[in-house]
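Following: one structure in structure tokens, then a few remarks.
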Amino acid sequence: MDRALFRRVTNGIFVGACGLATLIALTALVLILWSLITKGIGGLELKVFTESQPAPGSEGGLANAIVGSILMCGLGMVIALVVGILAGTWLAEYGGQTTYGHVVRFLNDVLLSAPSILVGLFVYELLVAPFHGFSAYAGAVALAILATPIVTRTTEDILALQPNALREAGMALGASRAFVIRSIIWKAARTGLVTGGLLGFARISGETAPLLFTSLGNQFMNTHMSQPMASLPTTIFQFALSAYDDWQRLAWVGALLIAIAVLSINIIGRILARETHR
Amino acid sequence: MTALAVSETSIKPRNAWGETLFRAACFSAATLLMAALAGVVISLVIGGWPAFKTFGFGFFTSSEWNPVTEVYGAAGPIVGTLITAFLSLVVALPLALGVAVFLVEFCPKPIANPIGVAVELLAGIPSIVYGMWGLFVFAPWFAQHVQLPLVMNAEPGSWMDKLFSGVPNGANIFTASMILAIMILPYMSAVFRELFMTVPAQVREAAYGLGCTPFEVIRSIIVPYVSKGVIGVIMLGLGRALGETMAVTFIIGNAHGFPHSIFDSGSTIASTIANEFTEATGEMHTAALVALGLVLFLITFAVLAVARLLLRGQKH
């Protein structure tokens with residue numbers, strides 16, 4: 001074959017293959033969302049939000065799991081925001097260029113993608129085994145450990161984007177460094193910090209593995225953090241692998257709810273992120 | 001950022017206490033992060049020690065996992081973890097490269113961003129949703145339309161028969177790997193996209209100026225330009241695949257011991273822990289599971305560390 005033609009054909013095949021790869025990825029997204037909607041939307045009724053989980057064969061909802069998820073993610077997020085923003089601030093404003101800073105940044109990156117089930121094991125050894133009991137506190141701590149690296153990372157990135165002139169202006173007025181960071185830099189970076197929080201929240205609200213042996217799950221409505229507590233992901237896990245049709249239907253409803261929540265948090269985070277970069 | 005040209009000792013702010021306190025708080029938060037990672041390692045070593053002590057090196061080589069006789073060998077889950085991670089990488093890598101190249105080079109600008117966001121939304125879908133979809137939608141379809149025909153047409157005793165044998169219910173190592181591939185694809189393509197955008201326009205245009213086709217530009221200029229980063233992304237994807245828990249737990253079939261074909265059910269380290277930990281029968285069972293966790297940690301830590309080191313060099 002003539003060389004020019006051969007090169008044109010190779011190129012054409014390559015472009016086609018790249019397009020096909022994109023098409024496959026998009027098809028996967030559409031197929032998954034389609035299954036979620038068709039299998040989940042039918043069971044989406046008011047009682048899902050108002051009633052607790054049923055015994056197989058009777059009527060009920062997911063209220064206890066939804067409440068549990070909100071409580072544990074909420075507490076986990078509070079811890080993650082406090083630790084993550086402070087740690088990110090230290091990396092960006094104080095010690096980020098020291099050897100210690102490089103080590104912290106590196107280990108934070110590793111923690112960011114460490115398997116979540118190992119975090120569950122760690123919290124089990126730390127908070128469950130010594131106190132002889134599963135608790136929602138342990139679940140919240142496990143979730144916090146997963147969200148903190150994300151918050152730290154985005155905080156550092158967003159603070160690094162703030163112009164140095166801003167810091168110098170504050171200090172020229174006689175403000176201390178801590179005051180400049182808290183009242184000027186954090187304010188200027190507000191949207192970015194919120195984005196980091198949202199991304200962390202999106203990550204932990206669908207997490208199942210670290211909750212399996214920290215908060216365990218609970219078939220009743222419970223708001224005491226010192227006791228085992230249900231959560232949407234663990235309840236879905238239990239229901240989906242059960243042999244009962246109505247439990248499996250509820251699992252799909254739960255999966256739809258979680259997917260809607262996570263995807264909308266993700267999209268809001270993205271919109272906010274785009275605005276800060278503008 | 002820290003190099004402000006103000007000598008701090010010469011200034012005595014009014015609230016020197018506040019400054020010290022705030023700085024200390026930030027420093028402790030950063031230290032706490034390290035402590036968390038150190039805590040993971042220490043707790044796994046302590047918790048898993050009895051298993052290592054009892055079974056020694058046999059823990060890694062034996063595939064007998066029997067809670068009744070209290071004999072634990074982790075070869076099955078370890079091999080299962082490596083096979084699923086590797087298979088998913090083989091599938092996800094070309095796809096992720098394709099998506100990234102398509103979005104950076106060929107896609108019309110106005111739709112490149114929406115498509116990019118849609119692909120990244122795949123990364124946002126929780127693992128448990130992938131698991132349910134895999135078990136209730138993908139696995140039955142796969143068993144019906146791929147596995148059965150393959151098994152039926154394979155001559156008994158041939159290499160195909162050996163490779164494809166297994167219960168045709170779709171819950172096996174291969175389908176688990178495919179779901180894993182879909183899960184790591186968006187992470188990899190997002191980083192590939194960032195990498196490709198760091199290639200200077202002049203380099204790219206110079207190659208086009210020589211008359212290269214887009215394929216030649218990508219193969220000979222762009223990919224070599226970011227080659228270290230490409231390996232970093234591969235490691236990153238591998239790290240994700242190794243530690244993924246819930247989706248795999250749903251569809252791998254959860255059988256102990258050595259998998260005999262790619263359509264055989266198996267288990268991974270993470271799925272074994274997720275399935276058995278709360279129901280562990282005795283102290284040795286728990287210790288064996290924690291020891292498995294330590295093995296997983298060491299593998300992923302090594303992989304992720306290499307990934308981060310390679311990617312660091314590429315970041316501007």
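Lettering follows sequence order; numbering is per chain, from 1.
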Rounded at 0.5 Å granularity, tell me how far [atom1] in [X] sits from [atom2] in [Y].
{"X": "B:Phe136", "Y": "A:Lys39", "atom1": "CZ", "atom2": "NZ", "answer": "8.0 Å"}
{"X": "B:Leu304", "Y": "A:Leu107", "atom1": "CG", "atom2": "CG", "answer": "11.5 Å"}
{"X": "A:Ile117", "Y": "B:Thr245", "atom1": "CD1", "atom2": "OG1", "answer": "4.0 Å"}
{"X": "B:Thr286", "Y": "A:Glu125", "atom1": "OG1", "atom2": "CD", "answer": "8.5 Å"}
{"X": "A:Leu31", "Y": "B:Trp141", "atom1": "CG", "atom2": "CH2", "answer": "9.5 Å"}
{"X": "A:Leu241", "Y": "B:Met132", "atom1": "CG", "atom2": "CE", "answer": "8.5 Å"}

Aromatic ring centroids of A:Phe179 and B:Phe22 under 6.0 Å?
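No, the ring centres sit 6.0 Å or more apart.
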If you count heavy-atom pairs within less than 4.5 Å of chain B, which of [options] leads?
{"options": "A:Leu111, A:Ile13, A:Asn266", "value": "A:Leu111"}
{"options": "A:Gly88, A:Ala251, A:Ala202", "value": "A:Ala251"}
{"options": "A:Val15, A:Asn108, A:Val119, A:Leu256", "value": "A:Val15"}
{"options": "A:Ala17, A:Ser113, A:Ala28", "value": "A:Ser113"}
{"options": "A:Thr148, A:Val83, A:Leu118", "value": "A:Leu118"}
{"options": "A:Pro233, A:Ala209, A:Ala178", "value": "A:Ala178"}

Check whether [X] gets within reach of chain A through its side chain, its backbone, both or neither, counting any heavy atom under 4.5 Å.
{"X": "B:Thr249", "result": "side chain"}
{"X": "B:Met246", "result": "side chain"}
{"X": "B:Glu216", "result": "side chain"}
{"X": "B:Leu44", "result": "side chain"}
{"X": "B:Ile218", "result": "side chain"}
{"X": "B:Thr213", "result": "both"}
{"X": "B:Ile273", "result": "both"}
{"X": "B:Phe27", "result": "both"}
{"X": "B:Ile269", "result": "neither"}
{"X": "B:Val137", "result": "side chain"}
{"X": "B:Tyr130", "result": "side chain"}
{"X": "B:Ile182", "result": "side chain"}
{"X": "B:Leu185", "result": "side chain"}

Which heavy atom in [X] sits nearest to a heavy atom in [Y], and how many Å separate them?
{"X": "B:Phe277", "Y": "A:Phe213", "answer": "CD2-CG, 3.5 Å"}
{"X": "A:Ala87", "Y": "B:Leu33", "answer": "CB-CD1, 3.9 Å"}
{"X": "B:Phe250", "Y": "A:Ala240", "answer": "CE2-CB, 3.7 Å"}
{"X": "B:Gly124", "Y": "A:Leu263", "answer": "C-CD2, 4.4 Å"}
{"X": "A:Leu29", "Y": "B:Ala118", "answer": "CD2-O, 3.4 Å"}
{"X": "A:Trp90", "Y": "B:Arg23", "answer": "CD1-O, 4.3 Å"}

Between [options], which shows the greatest number of heavy-atom pairs under 4.5 Å with chain A?
{"options": "B:Ile128, B:Leu289, B:Leu95", "result": "B:Ile128"}
{"options": "B:Ala36, B:Gly131, B:Ala307, B:Pro214", "result": "B:Pro214"}
{"options": "B:Leu21, B:Val129, B:Leu122", "result": "B:Leu122"}
{"options": "B:Ala38, B:Gly243, B:Ser43", "result": "B:Ser43"}
{"options": "B:Ser127, B:Ala305, B:Ala96, B:Gly134", "result": "B:Ala305"}

Taking C-beta and beyond as the side chain, do [X] and [Y] meet within less than 4.5 Å on heavy atoms?
{"X": "A:Leu20", "Y": "B:Phe102", "result": "no"}
{"X": "B:Val117", "Y": "A:Ile267", "result": "no"}
{"X": "A:Leu36", "Y": "B:Trp133", "result": "no"}
{"X": "B:Arg219", "Y": "A:Thr10", "result": "no"}
{"X": "A:Phe14", "Y": "B:Val101", "result": "yes"}
{"X": "A:Val262", "Y": "B:Ile125", "result": "no"}

Do B:Glu19 side-chain atoms and A:Arg177 backbone N/O form a donor-acceptor pair below 3.5 Å?
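Between the backbone of A:Arg177 and the side chain of B:Glu19 there is a qualifying donor-acceptor contact (under 3.5 Å).
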